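These notes concern the structure reproduced below.
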2 protein chains.
Amino acid sequence: MTVRSRSRRRSRRMEYSESTRQALVDSAIALFTERGYGGTSLDEIAHRARVTKGALYHHFANKQALFEAAYQAVEADVVDRLAEVMRVPTDLWDAMKAGIAAFFEVCLEPNYQRIALQEAPSVLGYDRWRLAEEHSCFSVVRTGLEALIDAGEIEDLPLEAASRIVFGALAFGAIMIAGADDPVRTREDVVYSVDYLVDGLRHGAAYPRDTEQMAPDPQD
Amino acid sequence: MTVRSRSRRRSRRMEYSESTRQALVDSAIALFTERGYGGTSLDEIAHRARVTKGALYHHFANKQALFEAAYQAVEADVVDRLAEVMRVPTDLWDAMKAGIAAFFEVCLEPNYQRIALQEAPSVLGYDRWRLAEEHSCFSVVRTGLEALIDAGEIEDLPLEAASRIVFGALAFGAIMIAGADDPVRTREDVVYSVDYLVDGLRHGAAYPRDTEQMAPDPQD
DNA sequence: ATTGCGACATACCAGCGGTACGTACTGATG
DNA sequence: CATCAGTACGTACCGCTGGTATGTCGCAAT
């Protein structure tokens with residue numbers, strides 16, 4: 001699709017094409033978020049982008065490919081924002097904590113929640129999903145953990161496995177926040193628990209845990 | 001559907017009915033596992049159970065309801081087996097570790113992998129999924145954590161949040177094992193990392209971590 | 001014997017993903 | 001400038017699928 005051919009300059013025609021492609025992806029993100037993958041028809045997506053299904057099939061091989069494009073767009077945006085947040089602190093642990101907090105913030109957004117967390121594994125299948133994840137939030141977690149291990153801050157854990165486990169903990173915590181009756185309160189609980197868990201990774205966790213975090217009374 | 005009516009005894013007719021219902025669920029489990037939710041037609045499921053779609057729609061309201069029945073059947077089986085494994089040890093930590101190991105074992109099975117881990121969140125939606133989870137592996141984790149908290153073995157964490165986080169860590173670790181090129185090796189890595197993480201929850205984690213676990217050289 | 005109802009089978013439909021093909025417009029070439 | 005190839009769509013259509021409406025058969029209680 002859309003071979004960039006041999007023309008050197010980026011023609012007006014190609015800009016139009018790129019624009020409708022983007023419109024299709026935006027439309028897909030909106031509708032997949034609202035009604036899910038199975039509940040959204042390609043006609044709807046095309047209509048919302050003010051084109052027909054013919055245009056859609058010109059840009060994407062099939063429904064799954066369109067979903068994948070939508071998924072990657074959502075993930076890319078999130079990754080950028082996480083990188084921005086984690087770039088600021090100098091201390092590795094601070095960066096990690098900041099990233100975790102930002103991630104939970106992200107997971108309150110319906111786009112990420114539905115497309116990335118809920119539907120992606122099922123729609124893409126595990127193989128393609130894990131492949132796509134290499135450029136997603138998961139890779140951010142892995143990079144962070146790698147830095148901590150390299151700095152000798154935490155035990156020399158098997159990187160891939162540890163990253164995935166931590167990511168799973170974060171994702172499920174995020175999902176819980178997203179679906180909670182009281183997201184604010186729930187968010188406090190989750191952040192507290194995750195921080196506790198992450199602190200457990202610390203080398204010589206004997207040091208008194210930093211309780212500068214807000215510490216909600218865990219029991220009612 | 002299938003009102004148990006007013007007959008006292010369980011008639012032969014009702015046995016037949018129950019049998020075809022079971023056949024439909026079994027067929028659904030097999031086909032959903034093999035081809036996924038979207039890739040499996042109701043005609044196929046009915047055919048495999050040697051009935052028609054009419055019978056299917058007599059027993060289940062729609063495709064999603066059938067999936068939910070399949071999901072619950074798979075989960076119920078797993079929960080039983082986990083309970084069995086965790087019943088044996090007297091020490092809480094041993095029970096927990098045994099449960100975790102057994103859970104990873106379960107996650108190598110295609111049924112649980114595809115239906116419970118991969119498709120369920122997408123097909124059921126988060127609301128129904130979380131509802132159904134109350135009688136699933138998640139509840140096992142929560143019960144275990146609750147026991148540990150009550151026994152004062154770990155910090156007084158907010159139970160619901162902590163349980164979900166730990167379950168997320170386990171589930172993603174399990175998923176990784178399931179999709180790995182070298183499941184055995186990967187399983188070692190995951191178990192090692194999870195044990196390390198769970199040990200971090202331990203009260204006074206200063207005590208030397210138990211390294212009686214097989215300790216794979218974490219780096220190649 | 002009747003009859004009500006549960007347990008299916010049959011027939012059918014609207015909507016969906018996907019394909020085949022037609023067409024307008026653009027930009028490069030001689 | 002005329003030509004023409006190819007991109008970027010639109011249009012028409014197909015097979016399949018989930019779902020529904022309706023028919024039928026047999027058991028079981030009256």
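Quick caveat, the model's predicted, so the values are computed rather than measured. Proteins get letters first, then strands, A, B, ... in listed order; numbering begins at 1 in each. Note: hydrogens, waters and symmetry copies are ignored here, and every other heavy atom, side chains too, is used.
Here Glu34(A) pairs with nothing under the salt bridge (Lys or Arg N to Asp or Glu O under 4.0 Å) rule; sequence neighbours left out. Residues meeting the side-chain contact (heavy atoms from CB on, under 4.5 Å) test with Arg128(A), sequence neighbours left out: Gln64(A), Glu68(A), Leu124(A). Residues satisfying the side-chain contact (heavy atoms from CB on, under 4.5 Å) criterion with Ala69(A), sequence neighbours excluded, are Arg21(A), Val25(A), Phe60(A). Legend: residues meeting salt bridge (Lys or Arg N to Asp or Glu O under 4.0 Å) with Arg130(B), ordered by chain and number and at least two apart, are absent.
Computed from coordinates, the Leu56(A) CG to dT11(D) C1' distance equals 15 Å when rounded to whole Å. The separation between His47(A) atom NE2 and dT11(D) atom P is 13 Å, rounded to whole Å. Rounded to whole angstrom, the span from the OH atom of Tyr16(B) across to the P atom of dC8(C) amounts to 11 Å.
An OP1 or OP2 oxygen of dA7(C) is reached within less than 4.0 angstrom by a side-chain nitrogen or oxygen of His58(B). Contact between the side-chain N/O atoms of Thr52(B) and the OP1/OP2 oxygens of dT10(C) is not found at any separation under 4.0 Å.
Residue pairs that meet the side chain to side chain donor-acceptor pair (under 3.5 Å) test with at least one member in residues 167-184 of chain B, sequence neighbours left out, do not exist here.
Side-chain contact check for Glu119(B) and Ser122(A): at least one donor-acceptor pair (N or O, by modelled atom type) lies under 3.5 Å.
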*Sugar-phosphate atoms are those with a prime plus P, OP1 and OP2; base atoms are the rest. Using that split, label each nucleotide of nucleotides 11-24 of chain C B, S or - for protein heavy atoms under 4.0 Å, 5' to 3'.*
-----SBBB-----
